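Contents: one structure, followed by commentary.
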Amino acid sequence: MNERPLRVLMLAAEMVPFAKTGGLADVLGALPKALRGLGHDVRVCLPRYGFIDKTRFGLRRVLEPFPVPMNSGTEVAEILMTELDRGVIVYFVENAKFYDREGIYMYPDDADRFIFLCRAGLEMLRRLAWPPDIIHCHDWHTALVPNWLVTIYRDDPFFAGTATVYTVHNLAYQGVFGHRVLEIAGLARYEFEAPAGLAPKHQINFMGRGLFYADVINTVSPTYASEILTPEYGEGFDWLLRERRDRLYGILNGIDYEVFNPATDPHIAAHYSAADPTPKRIDKEALQAEAGLPVTAETPLIGMIARLSDQKGFDLLAQIADPLLQNLEFQLVVLGTGDEHYHRLLSDLQRRYPTRVKVFLTFNAPLAQRIYAGTDMFLMPSRFEPCGLGQMIAMRYGSVPIVRRTGGLADTVQEYKPECGTGTGFTFGPYDGLALLTALVKALANYAHREAWGALLRRGMSMDFSWQASAEKYIDLYRRALAGRRQPVAPAEFDEVPG
Ligand code: GLC
């Protein structure tokens with residue numbers, strides 16, 4: 001079909017290489033590039049956090065300061081921009097009061113900060129005279145945009161041809177605030193339009209509004225898209241997702257094949273590829289040395305890289321850590337930061353098993369790449385996993401994944417069947433310590449069969465987890481959103497509402 005290229009504005013809180021706490025940033029770093037490669041004009045808008053260096057990234061001002069409606073008054077925004085390779089344009093909303101801070105989130109005024117990002121982003125478009133076909137919102141921070149487009153912007157000719165897509169990267173973080181945020185966002189007048197079930201009385205749930213108002217919703221793997229229709233995974237929104245299931249899609253994330261490539265990665269000790277993975281053993285020695293663990297080629301080395309949160313299954317690991325370490329021969333390297341509780345738990349393991357366990361309580365991208373390259377196996381026992389990027393990166397680096405069969409993990413890792421010579425990793429179903437233990441025992445036992453293990457590792461390395469296929473699916477999704485735009489609610493419906 002010969003369809004015209006689309007104009008897409010993505011709004012997000014994080015993007016590699018500017019600001020990152022998790023996989024959301026990786027997706028924003030890679031998906032726009034891939035869409036651009038398909039010939040579409042994709043631009044991104046994010047806050048200019050204080051730590052984003054203007055000189056280093058060549059940020060220049062494109063719009064003079066202008067007023068943005070906020071809280072029945074205005075706040076001033078300025079827009080900076082830069083152009084990345086492949087022509088992806090990134091706009092930065094500048095406002096010292098909201099963004100000149102050391103971190104990305106966890107401030108008492110987060111609602112104001114992200115409302116401002118989105119409203120400034122929309123007003124910026126008008127000033128740039130660039131009406132988008134699609135506004136693509138990511139996670140709760142940007143979830144009010146679909147609500148705005150069917151309310152305060154509904155009669156605005158500038159947005160008459162714009163549809164919204166809302167991508168859920170993690171349903172567990174919803175952005176729940178007091179009622180006041182509706183006034184800040186200019187939505188108080190329309191509040192009775194949203195169904196009561198979106199949030200308890202006197203609370204406003206950003207995620208719920210994105211799910212309710214977006215023209216099309218998607219999440220980042222097909223399995224997670226069906227899991228969230230159930231109470232177990234729906235985080236209180238399974239009812240709404242079931243109601244809107246004709247508009248809900250699952251598109252698997254890819255990984256950035258330029259960044260994550262063991263044949264060219266500048267951060268690792270030795271380069272290798274599926275054709276000849278043998279130099280990987282040099283990366284393993286280097287990692288063992290860096291971690292202060294005994295340098296032994298025979299001992300299987302397991303890696304974990306994750307936010308230290310309940311989602312990631314550290315509680316399961318804690319349940320079985322002692323019997324595991326006491327009965328099986330392996331080393332474990334963990335990288336991540338997060339809940340204090342898990343910091344303590346992991347530090348304690350390292351203290352008790354200093355020659356077996358090394359924990360890096362930080363986040364460091366080059367070290368992460370050395371861990372993917374240096375480990376034999378990669379563990380992700382997640383309670384839930386919208387997509388998960390680690391298992392895909394691990395496979396590309398020849399580190400065999402051991403995962404719980406949930407969300408994107410179920411979609412990307414196939415159980416190894418030694419008798420058939422098929423599969424790419426080890427999986428387990430129930431969320432319990434024994435199931436995890438069984439998978440680990442199986443993986444460690446198979447590690448001894450060097451030749452079959454080599455074939456297993458190469459199968460993983462040869463999988464295609466690039467963005468190409470998924471980027472094409474996003475284009476389909478955008479066209480669906482344009483074809484089936486949500487009807488604005490008739491003005492009369494609000495005007496009768498008292499208060
Ligand atoms: C979130 C999810 C993770 C997903 C990532 C990018 O961090 O927890 O599963 O891969 O977003 O979509």
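Sequence positions, counted from 1, serve as the residue numbers for this chain. Atoms within a ligand are numbered from 1 in the order they appear, just like the ligands themselves. It should be emphasised that the depicted structure is a prediction, and the values quoted were computed from it without experimental measurement.
Under the 6.0 Å distance and 45° angle rule, Arg101 counts as a cation-pi partner of Tyr107. A cation-pi geometry, defined here as NZ or CZ lying under 6.0 Å from the six-membered ring centre and within 45° of its normal, does not hold between Arg404 and Tyr431.
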Name each donor-acceptor pair under 3.5 Å that joins a side chain in residues 358-368 to protein atoms two or more places apart or in another chain, with its distance.
| from | atom 1 | to | atom 2 | distance (Å) |
| --- | --- | --- | --- | --- |
| Asn364 | OD1 | Leu367 | N | 3.0 |

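For Phe212, there are no ring pair (Phe, Tyr, Trp, His ring centres under 6.0 Å) partners two or more places apart in sequence or in a different chain. Annotation: side chain to side chain donor-acceptor pair (under 3.5 Å) contacts of Asp464 (sequence neighbours excluded): Ser466.
Contacts of ligand 1 (protein heavy-atom distance under 4.0 Å) are Gly23, Leu24, Val27, His169, Asn170, Val220, Asn253, Arg307, Gln311, Glu385, Pro386, Cys387, Gly388, Leu389.
Using modelled atom types, one finds no donor on one side chain facing an acceptor on the other under 3.5 Å when comparing Glu385 with Thr406.
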